[in-house]
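Note sheet for the following structure.
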Amino acid sequence: MSDQIKFIVDNLNKEPFRKNYNLITFDSLEPMQLLQVLNDVLAEIDPKQVVDIREEMPEQTAKRMLSLLGILKYKPPGNAADMSTFRQGLVIGSKPVIYPVLHWLLQRTNELKKRAYLARFLIKLEVPSEFLQDETVADTNKQYEDLMEAFKTLHKECEQLKISGFSTAEIRRDISAMEEEKDQLIKRVERLKKRVETVQNHQRMLKIARQLRVEKEREEFLAQQKQEQKNQLFHAVQRLQRIQNQLKSMRHAAADATPESLMKRLEEEIKFNSYMVTEKFPKELENKKKELHFLQKVGSEPAMGHSDLLELESKINEINTQINQLIEKKMMRNEPIEGKLSLYRQQASIISRKKEAKAEELQEAKEKLANLEREVSVKTSQTREYDGTEVLKGDEFKRYVSKLRSKSTVFKKKHQIIAEFKAEFGLLQRTEELLKQRHENIQHQLQTIEEKRGISGYSYTQEELERVSALKSEVDEMKGRTLDDMSEMVKKLNSLVSEKKSALAPIIKELRQLRQKCQELTQECDEKKSQYDSCAAGLESNRSKLEQEVRGLREECLQEESRYHYINCMIKNLEVQLRRATDEMKAYVSSDQQEKRKAIREQYTKNIAEQENLGKKLREKQKAVRESHGPNMKQAKMWHDFEQLMECKKQCFLKQQTQTSIGQVIQEGGEDRLIL
């Protein structure tokens, strides 16, 4: 496990992660931080996984990671029955689950990147057979499969081209074509210069145009540099915020970073979650179901009149009186055991209500914290938007995109040419290194063979002979030396070779003895090493067993201690409840009226009487409202009809005025006049 953690830390400290961890800091990471590290590694493999897990639900995070690990063909250690344990450990960020996954991912990052890239295009969508009966769906599915096969062939060709590389002949042809284009451009520039020379002040205009072009290029360069600096600043701010959050969380965790405090915190979280799942949520669900059933029942019943309501109220009052009589009979029996149990039940109900209230407050506080974190992220993004960056719109954005595409195509071509040159240079350099290495190996082998044969330095002597023979041939060509000089030189060289052989003979004998001794020592060393390895393996297995036993005993001790403290707390709570119950019984049984008033029963009876009086007043008010409801509605309807009548009269009056003023015929003095 230590070697595994060391390998993970070393790879996380390298590019592109640069986490700056050591073994202690990495082992002390919290589950949420460990899941974020795993998510960062998965995001390096598949860029779609770039997510802040604090803004994502744990179930969604686990589902997303499990789907990607399934695509990458990761097999968890163990059998199929351990898959539920693996999923649960991935949700809670368990170290025994996360560490093997990180080790497996970091071992084969490049291979997994390629697999994740291919999975985006080669994972086939399963279409049900019912939908394939439609011709349009069947044709679309066939096109989809054809495109997938075409992608496979193109990818294979691309990989072969990457492996093979381009030939130098193609590069030379491209260079010659570019030179021809350069000559054509030079001729075109000369023709344009001849045309421009006829214009007045052409030199000044050319100078101004040149300056304008230079300034535009400088402006583009400065704008690009500004944008890069803004991007760098944005990334630096994000990184600073992330580091500050990590520092804050680490400081908060380091404030009480003892094992007891961590265990206590985990126990509290487990208790809260178990309470929410086993008690609160089922009760709320049951209450909602009951409320829904009651509402459905009320909705299915016919409308109730005033007499029905009065009848229901009378039934409710009768049942309440019966309940009160039963309670009084029970209290008159004055059974101490039942009284104590009722008090305990009351205390238990009060505690359960308080517990539910605190759980709701905690849930609301968590939701409020999540909302505030989202608001903070939104505000930070808004402040980044208000930092003065210019947003391109409309035609400017289109021109920018077209210009960027043209530059990107030119860049890709140039980059491809440079890559080809680099590949060719790398091949030549590698060939040169291989040849040099091969030459050195041959020389070394030759020297070893000479030492074995007892003629060390023979190759060197041979080279000297060749060099001397070359010199001799040159001297013969230059000065015309005779054959006698050559024979004397050969004799001298032979005498030197014989002297070297005689001098090396005793050294070769000693070397043979030393080699035999070295073989014996190496054999003895191998035997000792095998004995040491077997002994070390046995000790290591014993040590691991002892560590497991110690770990189990420590866990058992911690469980017993926590159980002891829990029982003590329960005993103290029960003592307090018992004391309060005895005080209540004393106050209730006491003959002093002032003490009885302090009793909880008296207070509740007083509150019940007040609520009953208030209910009577409200019912009387409701009765008065119901009695006056019919006349009031009738009066409101009459006013509405009156308003409509007056509006109709107004419209008729206006219409009559318009008709009399336009096209009216008036008879006066036996004459008809038309007024327009």
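None of the values given here were measured: they were computed from a predicted structure.
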Legend entry - Donor-acceptor contact below 3.5 Å, side chain Asn39 vs main chain Leu35: no

Legend entry - Closest non-hydrogen atom pair between Gly93 and Ile98, with its separation: C-CG1, 4.1 Å

Inset, instruction - Quick one: list whatever passes side chain to side chain donor-acceptor pair (under 3.5 Å) with Asn22, sequence neighbours left out. - result: Thr25

Legend entry - salt bridge (charged side-chain N to carboxylate O under 4.0 Å, His left out) evaluation trace for Glu111 with Arg115: CA-CA 6 Å; Glu111 178 185 351; Arg115 189 175 293 172; 3.1 Å; yes

Legend entry - Close side-chain approach of Asn320 and Glu612, heavy atoms under 4.5 Å: no

Legend entry - Non-hydrogen atoms of Tyr99 and Ile5 that approach each other most closely: CE1-CD1, 3.8 Å

Legend entry - Glu228, CD atom: more than 12 neighbouring heavy atoms under 6.0 Å: yes

Legend entry - Ile319 CD1 to Asn324 CG distance, which is reported to the nearest 0.5 Å: 12.0 Å

Legend entry - From Leu34 atom CG to Leu29 atom CG, the distance as rounded to the nearest 0.5 Å: 6.0 Å

Inset, instruction - Tell me, with the steps shown, if Glu311 and Lys315 meet side-chain contact (heavy atoms from CB on, under 4.5 Å). - result: CA-CA 6 Å; Glu311 186 178 355; Lys315 287 182 180 179; 3.9 Å; yes

Inset, instruction - Over all heavy atoms of both residues, which pair between Pro31 and Ile92 is shortest? Give the atoms and the distance, please. - result: CB-O, 3.1 Å

Inset, instruction - Quick one: closest heavy-atom pair of Phe7 and His103, and the distance? - result: CD2-CD2, 3.3 Å

Inset, instruction - Inspect the surroundings of NZ in Lys358 and state if more than 12 heavy atoms from other residues, nucleotides or ligands are less than 6.0 Å away. - result: no

Inset, instruction - Quick one: pull up CG in Asn607 and CG in Leu614 and give me the separation to the nearest 0.5 Å. - result: 12.0 Å

Inset, instruction - Would you kindly say whether Asp40 and Gln36 are connected by a side-chain donor-acceptor distance under 3.5 Å? - result: yes

Legend entry - Test item: Glu286 and Lys283 side chains (from C-beta on) under 4.5 Å apart, heavy atoms: no

Legend entry - Partner residues of Tyr117 under the ring pair (Phe, Tyr, Trp, His ring centres under 6.0 Å) criterion, sequence neighbours left out: Phe121

Legend entry - Any Leu369 side-chain heavy atom under 4.5 Å of Lys366 side chain: no

Legend entry - Side-chain heavy-atom pair Arg551, Glu555 within 4.5 angstrom cut-off: yes

Inset, instruction - Find the distance between CH2 (Trp104) and CD (Gln4) and round it off to the nearest 0.5 Å. - result: 13.5 Å

Legend entry - Full working for side-chain contact (heavy atoms from CB on, under 4.5 Å) between Lys114 and His155: CA-CA 11 Å; Lys114 183 178 178 182; His155 181 70; 3.7 Å; yes

Legend entry - Student check: side-chain heavy atoms of Glu561 and Glu556 closer than 4.5 Å: no

Legend entry - Within 6.0 angstrom of Phe151 CZ, more than 12 heavy atoms from elsewhere: yes

Inset, instruction - Report yes if some heavy atom in the side chain of Lys621 is under 4.5 Å from a heavy atom in the side chain of Lys617; otherwise report no. - result: no

Legend entry - N/O donor-acceptor pair under 3.5 Å between Asn13 side chain and Asn20 backbone: yes

Inset, instruction - Could you tell me whether the side chain of Val41 reaches within less than 4.5 Å of the side chain of Leu12, counting heavy atoms only? - result: yes

Inset, instruction - Look at the side chain of Asp46 and the backbone N and O of Leu42, then say whether any donor-acceptor pair between them is shorter than 3.5 Å. - result: no

Legend entry - Salt-bridge contact Arg543-Glu540 (side-chain N to carboxylate O under 4.0 Å): yes

Legend entry - Any Phe86 side-chain heavy atom under 4.5 Å of Val101 side chain: yes

Legend entry - Shortest non-hydrogen contact between Glu267 and Ser562, atoms and distance: OE2-CB, 3.8 Å

Legend entry - Nearest-0.5 Å distance that lies between atom CG in Leu68 and atom CD1 in Ile45: 7.0 Å

Inset, instruction - Output, in order, the C-alpha distance, side-chain angles, deciding distance and verdict of side-chain contact (heavy atoms from CB on, under 4.5 Å) for Arg579 and Val576. - result: CA-CA 5 Å; Arg579 196 181 302 116; Val576 172; 4.0 Å; yes

Inset, instruction - Quick one: pull up CZ in Arg554 and CD in Glu547 and give me the separation to the nearest 0.5 Å. - result: 9.5 Å

Inset, instruction - Compare every heavy atom of Gly89 with every heavy atom of Val97, then report the nearest pair and how far apart it is. - result: CG2-CA, 4.0 Å

Inset, instruction - State whether the number of non-hydrogen atoms from other residues, nucleotides or ligands found under 6.0 Å of Glu610 atom CD is greater than 12. - result: yes

